[in-house]
Amino acid sequence: MASLAFSTLIKPYTTSSTKIPPSSSSSDFLANKDSSIFGATTFSSNMNFCKKSCTGNHRPGDLVITNNIATKPPSVGSPQPEKEIENDRKHVAWTSVRQERWQGELHVQGEIPLWLNGTYLRNGPGLWHIGDYNFRHLFDGYATLVRLHFHGGRVVMGHRQIESDAYKAAKKNNKLCYREFSEVPKPDNFLAYIGDLANLFSGASLTDNANTGVVRLGDGRVVCLTETIKGSIIIDPDTLDTLGKFEYSDKLGGLIHSAHPIVTNTEFLTLLPDLIKPGYLVVRMEPGTNERRVIGRVGCRGGPAPGWVHSFPVTENYVVVPEMPLRYCAQNLLKSEPTELFKFEWHPHSKAYMHVMCKSSGNIVASVEVPLYVTFHFINAYEEKDEEGRVTAIIADCCEHNADTTILQKLRLQNLRSFSGQDVLPDARVGRFRIPMDGSSPYGSLEAALDPNEHGKGMDMCTINPAFLGKKYRYAYACGAQRPCNFPNTLTKIDLVEKEAKNWHDKGSIPSEPFFVARPGATEEDDGVVISMISDKNGEGYAVVLDGSTFEEIARAKFPYGLPYGLHGCWVPKTS
């Protein structure tokens with residue numbers, strides 16, 4: 001196999017089974033104007049070869065691809081097209097992707113297991129500027145899909161922008177045209193402002209920028225998602241082509257849904273918040289259809305609006321509907337400048353609740369008050385049973401931010417780009433809810449599932465072995481913290497039985513969600529590998545593969561240039 005013409009030396013990493021101790025404490029990533037999204041290198045339709053590499057005439061810095069192997073990374077010497085933050089040394093994790101698309105085979109240092117055959121897809125916001133205007137929040141960026149295809153110990157990487165209406169309009173008009181997480185298009189006049197408000201109520205001005213997750217449905221279709229229902233976009237997992245909108249064929253309506261549905265080979269479950277009559281519809285969609293059918297409805301017990309439901313957990317027989325005191329706020333949606341909590345408001349007086357719905361009947365079988373909490377991501381849930389097999393409680397785990405809403409502000413790009421060595425990341429833990437199911441109490445509990453010092457009091461972006469979804473489980477894989485830091489910077493394996501963690505850390509690097517892929521035929525929960533994409537220091541990046549059991553690094557593959565931080569992914573198994 002040909003090799004890359006740049007160093008692929010494995011950098012030091014650490015693993016431990018003890019807590020991460022505090023420690024004392026990146027480089028400019030200047031996007032080449034010719035390779036920016038508005039002047040992107042042209043690629044063939046199957047993205048196998050850069051057309052420039054086929055001419056035999058190369059300008060300095062051109063990416064040359066031979067036999068689909070990247071042999072030279074692009075130069076980074078030209079002026080960047082975006083202002084971002086002047087005179088600030090930025091980590092590549094928080095800079096816009098340098099070109100619209102790329103594909104090539106990567107040189108592997110170490111050994112990728114031969115059984116690992118398939119494609120890992122990762123979605124996330126990768127373009128945070130339009131012309132000379134810079135977005136303000138991590139969640140605003142236009143979606144960049146990254147593909148790692150594993151076969152026979154080799155890996156091919158590709159990335160491409162998702163061609164949402166919001167992205168195409170911005171590219172065409174060189175300005176923001178749809179409402180993003182914290183960004184609102186600036187109207188030209190008062191009449192345009194009135195029209196924008198009307199479009200907001202109809203949903204026409206809401207973004208379809210599917211920059212949050214990517215899921216493989218039971219019928220094989222691959223869909224990128226965000227919290228707006230219109231932001232459901234079908235993509236080709238092989239070419240990364242945008243194929244079109246995923247159009248729901250039912251008449252349920254609504255503008256928003258959970259960004260993280262529960263997806264298995266047999267069903268698609270999600271929550272639809274009701275902002276008019278505060279509550280949530282729990283809906284199911286069967287493989288091969290586009291029709292969502294209502295399982296049941298949960299009414300809110302507190303507050304003027306439903307709580308944010310970025311994600312939710314399920315067990316084998318129940319859907320758990322969280323009602324968080326961080327609630328949607330229509331007034332904040334109408335404002336042209338972001339408020340402290342963006343489109344939400346904190347209502348601690350409205351209390352917090354967990355509701356449990358039976359999957360088969362749609363009946364609410366438990367609804368309990370719980371301590372105040374803030375979470376983006378639930379990890380898993382399962383049923384506790386007595387000796388006679390009766391369900392006595394639901395255990396639901398999440399990445400919990402100690403009821404501290406400041407995490408939303410900390411994800412502003414200015415904060416992420418201006419790290420000065422101070423420890424400013426808000427604490428987080430594996431929060432464990434216990435929801436009584438025997439009617440013994442109207443209250444549930446919330447406690448740390450293990451000492452947060454085990455993972456540096458940082459915790460988010462958790463995944464599990466999908467075979468244990470809704471079942472009692474032992475292991476979770478997440479991003480933790482090596483402090484001081486302003487963002488999670490380790491990969492962490494959580495052992496919920498031994499109450500300990502193993503941590504992987506590469507100083508100066510920002511890892512994205514660790515994704516677990518089980519070894520075919522495995523009988524142990526952690527028998528497999530963990531894949532993560534790393535935004536490295538000095539404008540570089542690589543994919544890392546860890547042993548799921550020992551959590552030791554077994555391989556890494558260096559990218560031709562560093563990629564922005566990404567959010568969530570899925571696995572598309574090899575089918576032939």
Does a side chain donor of either Gln99 or Tyr561 reach within less than 3.5 Å of an acceptor in the other side chain?
yes

Flag the pair Tyr565 / Phe487 as yes when their ring centroid distance falls below 6.0 Å, and as no otherwise.
yes

Please test Asp536 against Lys558 for salt bridge (Lys or Arg N to Asp or Glu O under 4.0 Å), starting from the C-alpha separation and ending with a verdict.
CA-CA 10 Å; Asp536 201 4; Lys558 190 171 183 180; over 6 Å; no

With the threshold set at 4.0 Å, does a side-chain nitrogen-carboxylate oxygen contact exist between Lys537 and Asp506?
yes

Determine, step by step, whether Glu383 and Arg390 satisfy the salt bridge (Lys or Arg N to Asp or Glu O under 4.0 Å) criterion, reporting the C-alpha distance in whole Å, the side-chain angles of both residues, the deciding distance to 0.1 Å, and the verdict.
CA-CA 9 Å; Glu383 301 160 14; Arg390 292 174 297 193; over 6 Å; no

How about Phe515 and Tyr120: are their ring centres within less than 6.0 Å of each other?
yes

Taking side-chain contact (heavy atoms from CB on, under 4.5 Å) as the definition, give me every residue that meets it alongside Thr212, ordered by chain and number, with sequence neighbours left out.
Thr226, Ala259, His260, His310, His568

Identify, with sequence neighbours excluded, every residue that meets side-chain contact (heavy atoms from CB on, under 4.5 Å) alongside Tyr353.
Arg301, Glu323, Lys351, His355, Glu369

Polar contact flag, side-chain donor to acceptor under 3.5 angstrom, Arg160-Thr144
no

Atom CD of residue position Glu524 - does it have more than 12 heavy atoms of other residues, nucleotides or ligands inside 6.0 Å?
no

Is the distance from the ring center of Phe378 to that of Phe312 below 6.0 Å?
no

Please report whether the ring centroid of Trp308 lies less than 6.0 Å from that of Phe376.
yes

Asn503 and Thr492: side-chain donor and acceptor closer than 3.5 Å?
yes

Using modelled atom types and a 3.5 Å cut-off, is there a donor and acceptor pairing between side-chain atoms of Asp427 and backbone atoms of His401?
no

Residue pair Glu552, Lys502: steps toward the salt bridge (Lys or Arg N to Asp or Glu O under 4.0 Å) verdict:
CA-CA 9 Å; Glu552 298 284 339; Lys502 294 181 179 179; over 6 Å; no

Other residues, nucleotides, ligands: >12 heavy atoms within 6.0 Å of Lys499 NZ
yes

Assess Lys493 against Tyr475: is NZ or CZ under 6.0 Å from the centre of the six-membered ring, and within 45 degrees of the ring's axis?
yes

If the threshold is 4.0 Å, N to carboxylate O, is there a salt bridge linking Lys359 and Glu267?
yes

Aromatic ring proximity Phe468/Tyr473, centre distance under 6.0 Å
no

Examine the side chains of Asp451 and Asn453 and answer whether a donor and an acceptor come within less than 3.5 Å of each other.
yes

Going by atom types alone, do Ser311 and His377 pair a side-chain donor with an acceptor below 3.5 Å?
no

Please determine whether side chain to side chain contact (heavy atoms under 4.5 Å, CB included) holds for the pair Arg154 and Glu105, giving the CA-CA distance in whole Å, both sets of side-chain angles, and the decisive distance to 0.1 Å.
CA-CA 8 Å; Arg154 303 169 71 177; Glu105 184 168 349; 2.6 Å; yes

Cys485 and Asn489: which non-hydrogen atoms are nearest, and at how many Å?
CB-ND2, 3.5 Å

So, taking the atom named CG in Asn380 and the one named CG in Asn465, what distance separates them when rounded to the nearest 0.5 Å?
10.0 Å

Please walk me through it: do Asp495 and Arg474 pass salt bridge (Lys or Arg N to Asp or Glu O under 4.0 Å)?
CA-CA 6 Å; Asp495 186 331; Arg474 177 172 180 174; 2.9 Å; yes

Consider only side-chain N and O atoms of Asn317 and Thr315, and report whether a donor and an acceptor are under 3.5 Å apart.
no

Would you say Thr490 and Gln482 are linked by a side-chain donor-acceptor pair, where the criterion is simply a distance under 3.5 Å?
no

